[in-house]
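Report on the following structure.
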Amino acid sequence: MPDTSATASRLTLSDLAPDTYQSEIRAMTTACDRMGGINLAQGVCDTPVPALVEAAAIQAIREGQNIYTRCDGIGRLREAIARKQLRDYGLAYNAENEVLVASGATAGYHVAAMALLNPGDEVLVFEPFYGYHVNTLKSLRINPVLVALAEPDWQLDVDALRTAITPRTRAILVNTPANPSGKIFTRPELEEIANACRRHDLFLITDEIYEYFVYDGARHICPATLEGMRERTIVLSGLSKTFSITGWRVGYAVADARWMPAMAHFHDLTYVCSPAPFQVAAAAGLEQLPVSFYTQIAADHESKRGRLLSALRDAGMEPAVPAGAYYILARAARLPGKTAAEKARHLLAATGVAAVAGSAFFRPGRGEDLLRFCFAKQDAELDEACRRLRSL
Ligand code: PLP
C-alpha cells in the first residue's frame, strides 16, 4: 500500500475553482427559497412570456423541432437578429456568417473570449461589474483589469481608463445599460472608449442584454455604430430579458465575419447549440412583435422602478435612480451588519425580501454598504416586497 501520509492528496480542486465559484447571488436565492421569501436578488425576471412566443415554442416542440441545430443557430433566427440590428441601429450584418445564436449572451461572451483572447491577456472591465464578466475571463486564465467608474453616478473616469491600458490589454468590455448600476454609457463616454480601442488596437466587447430597458426617454446606443468600431466590436445580447425567458438560453453575438467561424466553433464545442424549439420561438417573437412591444417593456419597468425606489426610500435606504436595466443599488448603511452580506441576510430575516450584497459587484473592500434589488417582478409580488420593505 503506498504511504500517502507524508504527502498532500492530489484529489483537489483546480487552482481556479476556489477563486471563481459560489456566486453570492445564487447563495441569496437559495437562502430566500429556503424561507419562502420574495427574491429581489437574482435577475430571474418572472414577468410573463409574450403569448405568441410561448405558443411558438410549444408548437415547435410538437412539430418535432427538437434536434440539434447548426452550431451558430437556425437560419430563420439569424436572419431575424440581423434584421433587428438593422432596424434598431442601422447596422448591417450578414446572417450567414456574422450572427451567432448562442446559449444566452453568457455563452456568446464565453466563446468570444475563447476565440479572441489568450491566457495572460488583459481585458478592462468597468466597476461595479457583473460577476460573470470577471469570472468568465478568470476561468480562461485571462486577466480582468477593473476600472472604477466615478461615484456617485458612475461616470467614466477617462484618466483611469487611459492608465489601465498596458501592452497586454486586448479588449475593453462595456455593459450598457449596466448591471448592477443601471448606468447607460453616454455618447461622449462611448467615444472615449472607442478612441482607446482604435488607438491601442483593442477589441470592444459589448453586453447589451438590457438594450430595451431604458428609462426617462433615454435611447440605447449600440457602440458598434461608432466610427470604425464595427470591425472590432463583438455585440452580445439576447432574448432572456426582453421576452422573460431566462431559462430558455437564447442569446446571440453579432460581429465581423473575421471572428465568427472561431466563435461558432467554440460554441459547438461547449454548448453544441441553443435549444432548438426555443430558437424557433425567439425567431417568431422577433418577426412578429411590433416595435411598441419594446417601448412597452421600458414603460412597464419604469413604473416598477418608481415603486421600488419609493419603498426603499421609505425604508430608510438611499437608492440611486438607475437610467436603465432593472436593478437598483441602494445604500443600506442603516441596516445592522459589518458587511453587505450580513446586511442582506439581516434584511432577508427581518422582511423575507432577498437582495444581493453590493460587494458582489466590486473588488474586495468595496460595495459593503450597498444592496442590489431587482425590480423585474410581477406587479403583485413587487408590491408585496415593497410593503415588507416599508415595515422595516
Ligand atoms: N449579461 C448581463 C449584464 C446580465 O445581467 C445577465 C443576467 O443577469 C446576462 C448577461 C445573462 O444573459 P443570458 O441569459 O442571455 O445569458
Side-chain angles (χ1 to χ4, degrees), residues 23-25 28-29 39-47 88-89 104-106 108-109 125-134 149 151-156 173-187 189-190 193 205-223 235-246 251 293-309 312 317 319-331 354-358 360-362 367 370-378 382 385:
S23 125
E24 181 60 27
I25 304 180
M28 277 313 287
T29 297
N39 189 358
L40 303 191
Q42 207 169 11
V44 283
C45 174
D46 59 6
T47 44
D88 290 352
Y89 308 119
T106 305
Y109 179 50
V125 180
F126 295 105
E127 181 192 32
F129 55 79
Y130 168 60
Y132 277 65
H133 288 157
V134 165
L149 294 166
E151 294 194 60
D153 46 5
W154 313 116
Q155 281 179 26
L156 176 70
L173 179 105
V174 172
N175 175 208
T176 184
N179 172 10
S181 65
K183 174 186 174 62
I184 296 179
F185 281 76
T186 63
R187 187 170 290 280
E189 287 176 328
L190 292 173
I193 293 167
I205 303 175
T206 64
D207 181 338
E208 304 176 40
I209 194 91
Y210 298 105
E211 61 194 311
Y212 298 115
F213 296 81
V214 292
Y215 312 122
D216 308 317
R219 273 187 73 86
H220 173 67
I221 300 170
C222 178
V235 177
L236 304 170
S237 190
L239 288 318
S240 282
K241 315 285 174 173
T242 309
F243 293 168
S244 309
I245 51 170
T246 52
F293 169 81
Y294 302 94
T295 46
Q296 193 59 43
I297 292 178
D300 289 348
H301 285 78
E302 190 167 318
S303 150
K304 293 178 198 290
R305 176 189 71 160
R307 271 179 282 162
L308 185 56
L309 280 170
L312 288 167
M317 293 188 240
V321 181
Y326 51 52
Y327 307 96
I328 295 174
L329 277 178
R331 234 160 255 294
V356 183
F361 311 104
F362 293 87
L370 294 174
L371 294 179
R372 190 200 72 174
F373 295 84
C374 170
F375 56 83
K377 294 275 143 189
Q378 305 254 22
L382 184 66

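Side-chain N or O atoms of Arg307 include none that pairs as donor or acceptor with a backbone N or O of Leu382 at under 3.5 Å. Between the side chain of Asn179 and the main chain of Ser181, no donor-acceptor pair closer than 3.5 Å is present. Side-chain atoms of Glu189 come within 3.5 Å of backbone atoms of Leu156 as a donor-acceptor pair (strictly under, hydrogens ignored). Looking only at distances, no side-chain donor or acceptor of Thr206 sits under 3.5 Å from a matching main-chain atom of Val174. At distances below 3.5 Å, at least one donor-acceptor pair connects side-chain atoms of Ser244 with backbone N or O atoms of Thr47. Checked by atom type and distance alone, the side chain of Arg372 pairs as donor or acceptor with a backbone atom of Ala41 at under 3.5 Å.
To the nearest 0.5 Å, atom CD1 of residue Ile184 and atom NE2 of residue His220 are 8.5 Å apart. Here CG of Leu173 is found 10.0 Å from CD1 of Ile193. Values are rounded to the nearest 0.5 Å. Taken from CD in Glu302 to CZ in Phe213, the straight-line distance is 13.0 Å, to the nearest 0.5 Å. Between Ile221 atom CD1 and Thr186 atom OG1 the span is 7.0 Å, to the nearest 0.5 Å. Expressed to the nearest 0.5 Å, how far CG of Leu308 lies from NE2 of His301 amounts to 12.0 Å. Annotation: the span from Thr246 atom OG1 to Ile209 atom CD1 amounts to 10.0 Å, rounded to 0.5 Å.
Residues Arg219 and Val214 fail the side-chain proximity criterion, which asks for heavy atoms closer than 4.5 Å. Using a 4.5 Å cut-off on side-chain heavy atoms (C-beta onward), Phe361 and Val356 make contact.
A pairwise comparison of heavy atoms in Phe362 and Gly367 identifies CD1-CA, 3.7 Å as the closest pair. Taking both residues in full, the closest heavy atoms of Phe126 and Phe129 are given as O-CB, 3.3 Å, listed atom of the first, atom of the second, then distance. Minimum heavy-atom separation, Leu309 to Ala320: CD2-O, 3.9 Å. Between Ala325 and Ala178, the shortest heavy-atom distance links the atoms CB-O, 3.5 Å. Ala105 and Leu236 make their closest contact through O-CD1, 4.4 Å (heavy atoms, listed as atom of the first residue, atom of the second, distance).
Residues that satisfy the side chain to side chain donor-acceptor pair (under 3.5 Å) test with Tyr89, not counting sequence neighbours, are Glu211. Every residue was checked against the side chain to side chain donor-acceptor pair (under 3.5 Å) condition with Gln378, not counting sequence neighbours, and none meets it. Remark: Asn175 pairs with no residue by the side chain to side chain donor-acceptor pair (under 3.5 Å) rule, at least two apart or across chains.
Stacking of Lys377 on the aromatic ring of Phe375 is not recorded, the 6.0 Å distance cut-off and the 45° axial limit not both being met.
Checked against the 6.0 Å centroid threshold, Tyr109 and His133 count as a close aromatic pair. Between Phe293 and Tyr212, the distance separating the two ring centers is not shorter than 6.0 angstrom.
Ring geometry for Tyr294 against Phe243 counts as tilted: the plane angle lies between 30° and 60°, on a 0 to 90° scale.
In summary, Lys183 and Glu127 do not engage in a salt bridge, as defined by a charged side-chain N under 4.0 Å from a carboxylate O. We find that Arg305 and Asp216 are joined by a salt bridge, their nearest charged nitrogen and carboxylate oxygen being less than 4.0 Å apart.
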Checklist entry - Could you go step by step and tell me if Leu329 and Leu371 meet the side chain to side chain contact (heavy atoms under 4.5 Å, CB included) rule? => result CA-CA 6 Å; Leu329 277 178; Leu371 294 179; over 6 Å; no
Item to check | Step-by-step side chain to side chain contact (heavy atoms under 4.5 Å, CB included) determination, Gln155 to Leu149 | outcome: CA-CA 5 Å; Gln155 281 179 26; Leu149 294 166; over 6 Å; no
Next on the checklist: The test is side chain to side chain contact (heavy atoms under 4.5 Å, CB included); show your working for Tyr210 and Lys241 and say whether it passes.
Outcome noted: CA-CA 7 Å; Tyr210 298 105; Lys241 315 285 174 173; 3.3 Å; yes
Checklist entry - Which is it for Tyr327 and Tyr130 under the side-chain hydrogen bond (donor to acceptor under 3.5 Å, both in side chains) test, yes or no, and what are the steps along the way? => result CA-CA 12 Å; Tyr327 307 96; Tyr130 168 60; over 6 Å; no
